[in-house]
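Inspection log for the structure reproduced underneath, given as structure tokens.
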Amino acid sequence: MTALSPPSAVDMSVDLAGVRLPNPMMTASGCAANGREMHRFIDIAQLGAFVTKSVKAQPVSGRGTPRMAETPSGMLNSIGLQGPGVQAFVEEDLAWLHSIGARVVVSIAGSTASEFATVARTIVRSRYASAVAAIEVNISCPNVANRGLVFACDPASSHKVMTLVREEVPRGLPMLAKLSPDVTDIVGIADTVLKAGAHGLTMINTTLGVAIDVDRLRPHLVAATGGLSGPAIRPMAVRAVWQVAGAMRAGRIKTAPIVGVGGVRHGRDALELIAAGASAIQVGTAAFNDPTAPERVGRELETLIAERGFTRLSEVTGIAHERFVP
Amino acid sequence: MTALSPPSAVDMSVDLAGVRLPNPMMTASGCAANGREMHRFIDIAQLGAFVTKSVKAQPVSGRGTPRMAETPSGMLNSIGLQGPGVQAFVEEDLAWLHSIGARVVVSIAGSTASEFATVARTIVRSRYASAVAAIEVNISCPNVANRGLVFACDPASSHKVMTLVREEVPRGLPMLAKLSPDVTDIVGIADTVLKAGAHGLTMINTTLGVAIDVDRLRPHLVAATGGLSGPAIRPMAVRAVWQVAGAMRAGRIKTAPIVGVGGVRHGRDALELIAAGASAIQVGTAAFNDPTAPERVGRELETLIAERGFTRLSEVTGIAHERFVP
Amino acid sequence: MTARTIAAREGSGVVQVDAEVLGNTAVGAYRHLTLVTPGLPEIARPGQFVALSVGDGTSSMLLRRSFSIHRVSPAGTYGATTEIVVAAAGPGTQELTRLEAGESVSVIGPLGKGFPLPSQPVPCILVGGGYGSAPLFWLAEQLRERDCPVEIVLGAASADRLFGVVEARRVADGVTVTTDDGSAGTKGWVSDVLPDLIARTGAGVLYGCGPMGMLRSMSAIASDHGIVAQVAVEEAMACGVGICMTCVMPVADQHGTTKMVRSCLEGPVFRGDRVRWEAFDDGLCRVPADAVGAPKEVR
Amino acid sequence: MTARTIAAREGSGVVQVDAEVLGNTAVGAYRHLTLVTPGLPEIARPGQFVALSVGDGTSSMLLRRSFSIHRVSPAGTYGATTEIVVAAAGPGTQELTRLEAGESVSVIGPLGKGFPLPSQPVPCILVGGGYGSAPLFWLAEQLRERDCPVEIVLGAASADRLFGVVEARRVADGVTVTTDDGSAGTKGWVSDVLPDLIARTGAGVLYGCGPMGMLRSMSAIASDHGIVAQVAVEEAMACGVGICMTCVMPVADQHGTTKMVRSCLEGPVFRGDRVRWEAFDDGLCRVPADAVGAPKEVR
Ligand SMILES: Cc1cc2nc3c(=O)[nH]c(=O)nc-3n(C[C@H](O)[C@H](O)[C@H](O)COP(=O)(O)OP(=O)(O)OC[C@H]3O[C@@H](n4cnc5c(N)ncnc54)[C@H](O)[C@@H]3O)c2cc1C
Ligand SMILES: Cc1cc2nc3c(=O)[nH]c(=O)nc-3n(C[C@H](O)[C@H](O)[C@H](O)COP(=O)(O)OP(=O)(O)OC[C@H]3O[C@@H](n4cnc5c(N)ncnc54)[C@H](O)[C@@H]3O)c2cc1C
Ligand SMILES: Cc1cc2nc3c(=O)[nH]c(=O)nc-3n(C[C@H](O)[C@H](O)[C@H](O)COP(=O)(O)O)c2cc1C
Ligand SMILES: Cc1cc2nc3c(=O)[nH]c(=O)nc-3n(C[C@H](O)[C@H](O)[C@H](O)COP(=O)(O)O)c2cc1C
Ligand code: FES
Ligand code: FES
């Protein structure tokens with residue numbers, strides 16, 4: 001991407017359920033706003049794809065503050081899906097992303113299964129739909145109809161969301177289901193959403209955490225609980241990808257591309273997820289430390305792959321399964 | 001405990017389901033071997049209790065190596081419950097712990113529910129049983145009868161283990177169930193084990209993770225997966241304690257003491273768990289960095305509690321629930 | 001180690017550099033850091049800030065720390081420099097205040113919107129609480145270039161927590177000092193001396209930087225006197241660059257519509273009468289019920 | 001900063017100190033660190049090691065790093081010191097090799113069992129691979145005090161990865177150097193020169209410290225010649241003090257029973273013929289089927 005790229009020509013392109021991306025690097029939803037701010041540091045149109053902040057049907061103020069707490073090698077957040085609502089998102093954000101030529105993965109959210117469908121419909125029917133490379137369905141958010149239980153923690157709710165969204169998404173536009181690690185059996189949830197029509201999986205969303213303000217002796221976050229992200233959770237992300245890719249390789253569940261996310265800060269972190277079975281990589285919290293991270297990690301990853309003698313990224317996807325002798 | 005103690009006299013004693021401990025500090029199972037090694041650095045008889053490495057009925061070699069990988073602010077381990085078996089444990093380890101006057105929490109494990117019961121029986125009937133302050137039932141280990149699924153991830157298996165162990169444990173000896181965070185609903189599991197007779201809960205065990213060796217492009221651990229521990233997972237531990245203590249306070253599940261464990265390195269970390277609802281604290285991975293940590297953290301905790309104007313540790317247990325206004 | 005530019009996209013108005021620490025000296029309770037930051041000074045304005053990362057990539061602290069720009073100098077013996085004043089509050093600032101000359105630190109800036117300058121030469125009062133005074137001297141110079149008479153009020157808990165009393169005398173027409181404990185200047189708060197000072201100077205604008213409570217009472221005083229307060233707020237920030245949404249606060253726009261806006265992007269300087277101060281209480285800020293997208297149900 | 005004792009229980013044979021770094025100098029590809037470690041030198045023996053922590057408590061690296069003790073000196077201008085030789089391998093050793101004089105680092109030691117010394121004055125050959133030679137010079141001195149003739153063999157990938165050639169000449173009766181690339185001494189491995197050297201000197205004991213492959217072939221050569229090899233192994237360690245169980249390896253006891261023993265506690269020095277070398281392959285070590293408590297099922 002820049003002059004620092006290795007001389008070797010590694011084919012970094014990715015086939016994301018039929019959509020070709022020039023490289024595997026993406027932002028992570030909610031960790032790059034809707035593009036303009038990060039575009040001051042790197043050209044986001046050069047990324048494999050830009051992932052938007054999860055958008056709901058109506059404007060959402062999000063939570064009060066404090067909304068975040070720093071934790072060892074990570075952070076907790078409880079933003080509460082703040083956003084302008086899908087209409088304003090299309091007119092302002094998607095329009096701008098379209099104008100700069102970015103490949104966009106639109107992350108959608110809802111409080112009910114039908115809200116997801118409404119949001120998806122608005123996106124795919126919008127005049128900027130040509131910029132959309134994929135829809136990422138953030139099922140790791142609370143379901144008001146089920147005591148606020150996160151959709152992704154319940155197979156039936158997950159299935160319903162994916163089924164309704166699939167009806168809105170045209171052929172050829174991949175639909176990614178974004179999974180939560182906070183389940184007893186992530187392979188089971190993966191199986192469910194793939195059966196419901198997901199073309200790929202994004203793993204993982206944050207894991208639930210709490211930090212206590214030890215001076216005030218109360219929860220640090222105004223919402224008490226928040227999502228834990230950053231390098232601290234990387235082993236959980238690699239584990240989720242490892243388990244689900246393993247189940248795919250063993251034929252226990254349908255095979256589909258996996259987008260790896262969770263704690264990627266350096267190229268070697270991305271390589272861990274790729275070797276465990278991911279086809280593409282999202283960089284979230286690390287961008288708060290370094291807003292060039294989504295691009296930098298891609299460069300580092302390319303160098304590492306070249307150094308190991310491969311000529312194509314796809315040769316490395318899932319390689320750790322082949323090299324593992326139990 | 002040492003000359004560095006604050007002048008203020010905070011009553012740090014703990015009532016652990018009827019057993020009085022002079023202070024809340026414990027080692028964490030598997031993070032202090034069986035005492036002799038750590039005793040070279042601190043007097044383990046001065047701790048609230050010493051928690052042994054989980055012991056099974058027969059000798060166990062554990063896994064091959066590598067058995068560990070360092071991760072950001074944490075580590076993965078797959079020791080595989082290496083140990084001498086309960087007979088040798090009693091004769092060598094429990095005997096020694098008894099001889100130095102330690103209060104011992106014996107952690108027991110099994111591959112079947114009845115193995116847990118066998119181990120418990122051997123411990124409580126041994127000649128050193130008087131040193132035993134509590135039995136900690138490590139249900140976060142694989143159940144051979146259920147495809148290796150961890151007992152703690154399945155309510156029925158958890159219930160069975162606790163029921164069988166309860167029959168072996170004499171009145172007055174608390175039985176703690178040690179829970180895994182790798183479940184969709186930890187409050188549900190807590191409810192189950194309390195109904196099965198657990199007198200207290202230890203939370204949390206490690207969470208499952210994978211690290212990839214990016215040079216060899218295969219899993220770093222010989223067992224592929226391992227347990228993630230250390231400060232990285234502290235927000236998950238505080239969350240588990242927060243949720244379960246919250247359910248107890250709301251009367252949704254039986255009230256019982258909680259032993260908080262997960263990522264405690266400094267006094268303020270312990271204070272987070274205490275404020276979230278823990279009555280006692282275990283220090284695990286941090287002891288690998290500083291073998292005096294179980295004792296040091298206790299001193300730091302006492303100072304923090306005194307600085308905040310409290311005179312008893314028990315006043316602080318769960319205080320964050322009282323100070324939280326949703 | 002010399003400074004290295006990591007990102008500097010044309011027209012972006014912001015650069016990311018691995019800065020070299022040129023100096024780190026004690027000033028009262030604070031540390032004054034001088035950083036070699038190519039490309040930054042030319043585009044910075046008073047009231048903007050920089051975001052620094054902690055450690056060298058193996059630190060357990062991932063989030064950036066924000067600091068008002070105290071001064072910039074585009075050219076000098078060591079090239080472009082940016083100065084900040086840092087209080088060692090928590091673990092990150094403790095590490096930053098230990099940086100030694102020659103070491104490297106990642107700096108992003110200038111960030112946020114600076115203080116708007118009056119188009120007319122109106123008298124101005126600049127109020128700094130603790131290290132909050134850091135950006136005010138540079139602001140004062142710019143105001144005086146526009147012929148605005150400048151008064152500076154510096155307040156702090158105690159004398160060692162005042163920053164820039166000498167510098168204030170150099171750049172302002174008058175300086176007032178208050179301390180909570182009376183260890184320097186008038187015993188009390190800056191809000192105690194402001195009403196008289198406004199009356200005496202006929203100030204048209206108050207500029208403030210410091211703790212939320214101070215900014216709030218400044219804003220109230222400005223409203224009472226029918227003048228404008230421009231306040232630089234300090235909301236907890238994870239990124240400083242607008243991508244994390246952690247630094248929001250409820251601010252009304254010109255139509256009176258309240259939104260949760262990012263203080264790192266739309267702020268840190270806000271008009272005092274636009275900030276919904278009543279939402280802040282005891283270290284928390286709740287979303288006002290009339291804010292756009294506020295939760296429907298009353299809890 | 002001066003050194004501070006954290007733990008030193010009577011009779012424990014080990015201390016934990018916040019050591020002061022006295023010096024850090026380059027030696028070939030390595031760094032030679034001198035640490036002020038009160039209480040440690042008096043109780044240390046050649047072959048034992050120290051475990052250092054990384055950073056100051058906010059590092060993301062929690063686990064200790066182990067290093068052979070190169071030398072100790074109980075008394076000196078700066079008090080008790082311990083010297084180690086560090087190769088910057090991964091992120092932790094990179095940070096440790098950057099420590100500057102005056103900085104503080106937590107040290108625990110002496111740890112593990114050292115090299116057993118022969119009761120008779122038998123000729124000995126000491127074999128060091130790379131930085132593995134660090135503990136051998138001190139060992140050589142102790143052997144020569146017991147009238148054992150000492151030969152030292154130093155091997156490394158290349159000349160810059162040899163440690164202590166000059167020092168070897170000072171403490172040994174003969175020195176042989178090998179490098180993989182022939183950039184110093186004989187081109188080849190230490191195992192190429194050992195058989196002749198054993199034959200020539202009539203050595204009764206081989207002492208070794210270095211990579212596993214080297215220790216393995218040394219052990220085989222010793223067996224071939226009917227002599228004893230004492231090898232200091234390097235297994236990945238998290239704590240160094242015996243509480244984590246990560247550093248185990250399959251070693252047979254005097255009755256031939258194999259157990260997974262902690263190399264930080266029962267090692268790092270083992271008799272070469274007791275180590276189950278065949279269990280090690282390609283960076284992994286599997287539990288031998290006949291080890292105590294080995295998994296029942298064949299996979
Ligand atoms: C616009 C702006 C200008 C500032 N200018 C200065 C200055 O000139 N001098 C100075 O000493 N301090 C200044 N601060 C405050 C400074 O950013 C915090 O003191 C610092 O971030 C705390 O970091 P820590 O490591 O000490 O605390 P920690 O509590 O460990 O910080 C954890 C996280 O919370 C964030 N955080 C915590 N407290 C604050 C806070 N008060 N403001 C913003 N983020 C916070 C940190 O950025 C970090 O991401 C400013 C803050 C803002 C928003
Ligand atoms: C008894 C003993 C003596 C040693 N003596 C020396 C010496 O004198 N000079 C020297 O340069 N090195 C020595 N080593 C090796 C040194 O400990 C490792 O190179 C170092 O721990 C690697 O740390 P890292 O941060 O570079 O790597 P990382 O891979 O980041 O280390 C991660 C974790 O794995 C452990 N680890 C990784 N590799 C090793 C290893 N080879 N041995 C032990 N633990 C490891 C570390 O201790 C740490 O806990 C010795 C090791 C042992 C066991
Ligand atoms: C501040 C913040 C906001 C987030 N918002 C969203 C969101 O709106 N939708 C979503 O699917 N994930 C969201 N996430 C989760 C991230 O996309 C990502 O899955 C997670 O943070 C793990 O990756 P990381 O460790 O690289 O950050 C958010 C994460 C953070 C830290
Ligand atoms: C090396 C290692 C071995 C462990 N062995 C056991 C064990 O045998 N039984 C058990 O219940 N927990 C075991 N644990 C889990 C710890 O007791 C503790 O629950 C967990 O590590 C979280 O605490 P920490 O972050 O303080 O380490 C082990 C943890 C580690 C790191
Ligand atoms: S600090 Fe990240 S958006 Fe403002
Ligand atoms: S390194 Fe921890 S037991 Fe040996």
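A:T192 contributes atom OG1, which lies 15.5 Å from atom NZ of A:K160 (distance to the nearest 0.5 angstrom). Taking CG of A:L304 as the start and CD of A:E302 as the end, the distance is 10.5 Å to the nearest 0.5 Å. The CD1 atom of B:I212 lies 9.5 Å from the CG atom of B:L221; values are rounded to the nearest 0.5 Å. In this structure, CG on A:D11 lies 6.5 Å from OG on A:S314, to the nearest 0.5 angstrom. Here B:D182 contributes atom CG and B:M236 contributes atom CE; the two are 6.5 Å apart, rounded to the nearest 0.5 Å. Rounded to the nearest 0.5 Å, atoms CD1 (B:I79) and OG (B:S61) are 11.5 Å apart.
The contact between A:A223 and chain B is made entirely by backbone atoms, counting heavy-atom distances below 4.5 Å. There is no contact between A:R265 and chain B, counting heavy-atom distances below 4.5 Å. Of the atoms belonging to A:L217, heavy atoms from both backbone and side chain fall under 4.5 Å from chain B.
Among all heavy-atom pairs drawn from B:A190 and B:V244, the shortest one is CB-CG1, 3.9 Å. Looking at every heavy atom in both residues, A:A224 comes nearest to A:P219 through CA-CB, 3.7 Å.
When the heavy atoms of residues 140-158 of chain A are compared with those of chain B, the residues falling under 4.5 Å are A:C153, listed by number. Chain A is approached within less than 4.5 Å, heavy atom to heavy atom, by B:T207, B:L208, B:G209, B:V210, B:A211 from residues 201-211 of chain B, ordered by number. Listed in order of number, the residues of residues 267-278 of chain B that approach chain A to under 4.5 Å between heavy atoms are B:R268, B:L271, B:E272, B:A275, B:A276.
The most heavy-atom pairs under 4.5 Å with chain B, out of A:T71, A:D215, A:V222, A:V316, come from A:D215. Between chain A and the residues B:A232, B:A237, B:P235, the largest count of heavy-atom pairs under 4.5 Å involves B:P235. Highest contact tally toward chain B, considering only A:S73, A:G74, A:P181, is held by A:S73 [criterion: heavy-atom pairs under 4.5 Å].
The shortest distance between side-chain heavy atoms of B:N23 and B:L301 does not fall below 4.5 Å. Under the 4.5 Å side-chain criterion, counting only non-hydrogen atoms from C-beta, A:M12 is in contact with A:I305. Annotation: side chain of B:H220 is not in contact with side chain of B:M68 (no heavy-atom distance under 4.5 Å). Two residues are said to be in side-chain contact when any heavy atoms from C-beta on lie closer than 4.5 Å; B:R218 and A:V325 fail this criterion. Looking only at side-chain heavy atoms (C-beta outward), A:T303 and A:R299 stay at 4.5 Å or farther from each other. Taking the side chain as every heavy atom from C-beta outward, A:V283 and A:R296 never approach each other to under 4.5 Å.
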Next item on the list: Quick one: do B:E315 and B:I319 satisfy side-chain contact (heavy atoms from CB on, under 4.5 Å)? Show the steps, please.
Entry: CA-CA 7 Å; B:E315 293 164 6; B:I319 197 169; over 6 Å; no
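Sorted by first and then second residue, the side chain to side chain donor-acceptor pair (under 3.5 Å) pairs with a member in residues 316-326 of chain A read A:R249-A:E322; sequence neighbours excluded.
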